[in-house]
Structure formats: C-alpha cells, structure tokens
2 protein chains.
Amino acid sequence: MSNTVSQSFARKVEREGVTVAEWVFLRALYDGGHVAPSQLAEGMAMTKGAISKLSDRLLEKSLIERRDNPDDKRAHTLALNQKGRALVPRLAALADENDEEFFSALTLDERRRLAQILRKIVNERELTNVPLD
Amino acid sequence: MSNTVSQSFARKVEREGVTVAEWVFLRALYDGGHVAPSQLAEGMAMTKGAISKLSDRLLEKSLIERRDNPDDKRAHTLALNQKGRALVPRLAALADENDEEFFSALTLDERRRLAQILRKIVNERELTNVPLD
DNA sequence: TATTGTTATACTCTATAACTATA
DNA sequence: TATAGTTATAGAGTATAACAATA
C-alpha cells in the first residue's frame, strides 16, 4: 500500500518537475536555511556522494543556491533560492492532496487511531535503535 | 516509516543473496506454478522489459527455470526450481521476522485495528480505481 | 593527518521504444 | 498485422571508494 501511495505522490510532484528524492531534499532546506552538505547527509541518512549528486541536479534546475564558507574554503552551504522557496509549499499541497486521496476513506477517529499506532512504532524504534555514533 | 521497514527487509533478504524485487518475483511464482512472463508483468504491474531483466537475473542465480511452450514458439513459462522453491519460505520467514521487529511494539488489539484500517483504504481504492482495460 | 566535498564506478529498478521471431 | 519476449537506451537512486583541497 505504501508503494501505491508513494508512486501516486511521485507522479504528482513530477508534474512540478521534481522527483520525490528532490522533494525530500528541498523540504529539508525549507526548515534549515543555509545548511552544509555534510549536515544534510546526516539528517537525510544518505552518503555525501548522494547529496552531492542531488544538489547538482537541484542547482541545475535553479531551485537552490550555494554559498561559500569564508572561514573554511573546503566548505559551503546550500539553501533554497526564491524559486525553490516558492515551490516547496506547492509540493506540500500535493502531499496533502495525495494523503487526502487515500485517507479520505477513513473517519476522523480512524485517522487519529492510525497516527497514534504508527507513532507508537516509531517511538519504540527510537528507543531500540540507539544511534551508532 | 514504511521506508525504514522496507530497507530493513532489504538488508535481511540480501543476506540470502536476493533483492526485494527478486523476492516479489519469486513469491509470485510460488503461488503460480508455470507462468508466462506476460502474465507476471500484468500481475506485478511491471513492463515486459522489466520482467525480462529480472528473470534473467533469477535464471543466472539458478532460482527459476524456463520451459518452452510447444504450442507457441514465441512463448515460454517460468517457474521456481528446487532451489527457488526452498528459498521462498526462508524469505517469508525473514519477512515475518521483519514485521515482528517493528510491530511487536503493538498490542494484539492495536495490530488488528491497524490491519483493519489499512484494509479499509485498500478496499476503497479498489472501488475507486476501476482497472483501465 | 583529518575533514569537506567531488568524482568515478557500479548496481538495482524501472520505463520507453525498437526489434525479432512467430502467429 | 498482431503478439510474446528481448534488447537498447536512459535516468533515478544510492553505495563505496579514491581523490583534491584545505584545515
């Protein structure tokens, strides 16, 4: 089922010219302001190489901008540009629309219960899976 | 969350030398006996090309066998061989193990409720999404 | 030396479309 | 012509590992 939901979402964001992975990336920047690639890699649980490739594509699509770090010439930060900042809410709306498409079958009570159950699993995970650092 | 669950499963089946896509393929054959690639494509909602590539890999791994159709020289069927038939239950056990790892946080009642809620969404979908044929 | 990022390489997943052999 | 499968091509997603520049 989750595959169906996410494929449906993929088709929707594709119409806005981005992939799901790119959406996740943009979403992370929307919260973060100027963020170093290494931070993104950690936050998104991906390798530096993967982040590098993704950011290349988003730079090409003119959705993000990079800024050099004057204190450390190896480093730089990434942030949404105007176009990217404008896009994120549109993509978020598509996410809501997609959720609605599937979860509208449920009553409010069922939705609440579902969220509660899933949250319980996530919480349990966080306790069990002690970070490896 | 579903990504986490499925990545965890991916790591498990990888230890048995197969990918998740291959597991799905093998699972489909476990039910089906000798099946034509075109049937698999339809059943798994994939293109013929994708099925062809996957079956190539599974043939190389000696998990399935193909049999020519004497009545139609274009056609053939695919089936699990002995090794493949032996593997499927092991993979199914890994799937159970994986589920347990995540859903053991829930009480029996919560699991039942979760299943019920998800089933409701799926049922609704089946009504909404009339097949395109 | 250690760290930040990039690049090279590789593999899976999957699609589309052209193609071959047969029907 | 139509159908069953294969193959060619392509792009996303992601990893590992080697590398360059800088600290």
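Residue numbers start from 1 in every chain, and the chains themselves are labelled A, B, ... in the order their sequence lines are given, proteins ahead of strands. Keep in mind that what you see is a predicted model, and the values were worked out from it rather than measured.
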Note to self: I want to check one thing: is the phosphate of D:dT7, taken as OP1 and OP2, less than 4.0 Å away from some side-chain N or O of B:S52?
What the structure shows: no
Notebook entry, point to check: Quick one: is A:T47 getting a side-chain N or O under 4.0 Å of the D:dA15 phosphate, OP1 or OP2?
Noted result: yes
Notebook entry, point to check: Just the endpoints, please: which first and last nucleotides of DNA chain C, 5' to 3', lie under 4.0 Å from a heavy atom of chain B?
Noted result: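 Nucleotide range in contact with chain B: C:dT12 to C:dA23.
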Does some side-chain heavy atom of [Y] sit less than 4.5 Å from a side-chain heavy atom of [X]?
X	Y	result
B:F102	B:N98	yes
B:R66	B:S55	no
B:R111	B:S104	yes

Interatomic distance, [X] [atom1] vs [N] [atom2] [rounded to whole Å]:
X	N	atom1	atom2	result
A:W23	D:dG13	CH2	P	15 Å
B:L40	D:dA4	CG	P	14 Å
B:I51	D:dT6	CD1	P	11 Å
B:Q39	D:dG5	CD	C1'	14 Å
A:D68	D:dA21	CG	P	15 Å
A:K61	D:dG11	NZ	C1'	11 Å
A:Q7	D:dA12	CD	P	17 Å
A:L54	D:dG11	CG	C1'	13 Å

Notebook entry, point to check: How would you label the contact of B:K48 with the nucleic acid (heavy atoms, under 4.0 Å): base, sugar-phosphate, or nothing?
Noted result: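 Base: the residue B:K48, judged by heavy atoms under 4.0 Å, touches a nucleobase.
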Next item on the list: Describe the nucleic acid contact of B:D72 in one word from base, sugar-phosphate, nothing, applying a heavy-atom distance below 4.0 Å.
Entry: sugar-phosphate
Note to self: Within the supplied structure, the quantity of interest is the number of heavy atoms (other residues, nucleotides, ligands) at a distance under 6.0 Å from B:K61 NZ; does it exceed 12?
What the structure shows: yes
Notebook entry, point to check: Between A:P37 and B:E22, which is nearer to the 5' end of DNA chain C once each is assigned its nearest nucleotide?
Noted result: A:P37
Note to self: Quick one about B:K12 and B:S8 (side-chain donor to acceptor, distance below 3.5 Å, no hydrogens or angles considered), yes or no?
What the structure shows: yes
Item checked: From CZ (A:R27) to CG (A:L87), nearest 0.5 Å ->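 Here the interatomic distance stands at 12.5 Å.
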Next item on the list: For a salt bridge (Lys or Arg N to Asp or Glu O under 4.0 Å) with A:E16, tell me which candidate from A:R90, A:K83, A:R11 qualifies.
Entry: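 Among A:R90, A:K83, A:R11, the one that satisfies the salt bridge (Lys or Arg N to Asp or Glu O under 4.0 Å) with A:E16 is A:R90.
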Checklist line | Most 5' of B:R66 and A:R74 on DNA chain D, judged by nearest nucleotide | finding: B:R66
Next item on the list: Between A:K73 and A:A21, name the one whose nearest nucleotide on DNA chain D is closer to the 5' end.
Entry: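 Per heavy-atom nearest nucleotide, the more 5' residue is A:A21.
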Notebook entry, point to check: Any N or O donor-acceptor pair linking the side chain of A:K53 to the base of D:dT14 at under 3.5 Å?
Noted result: yes
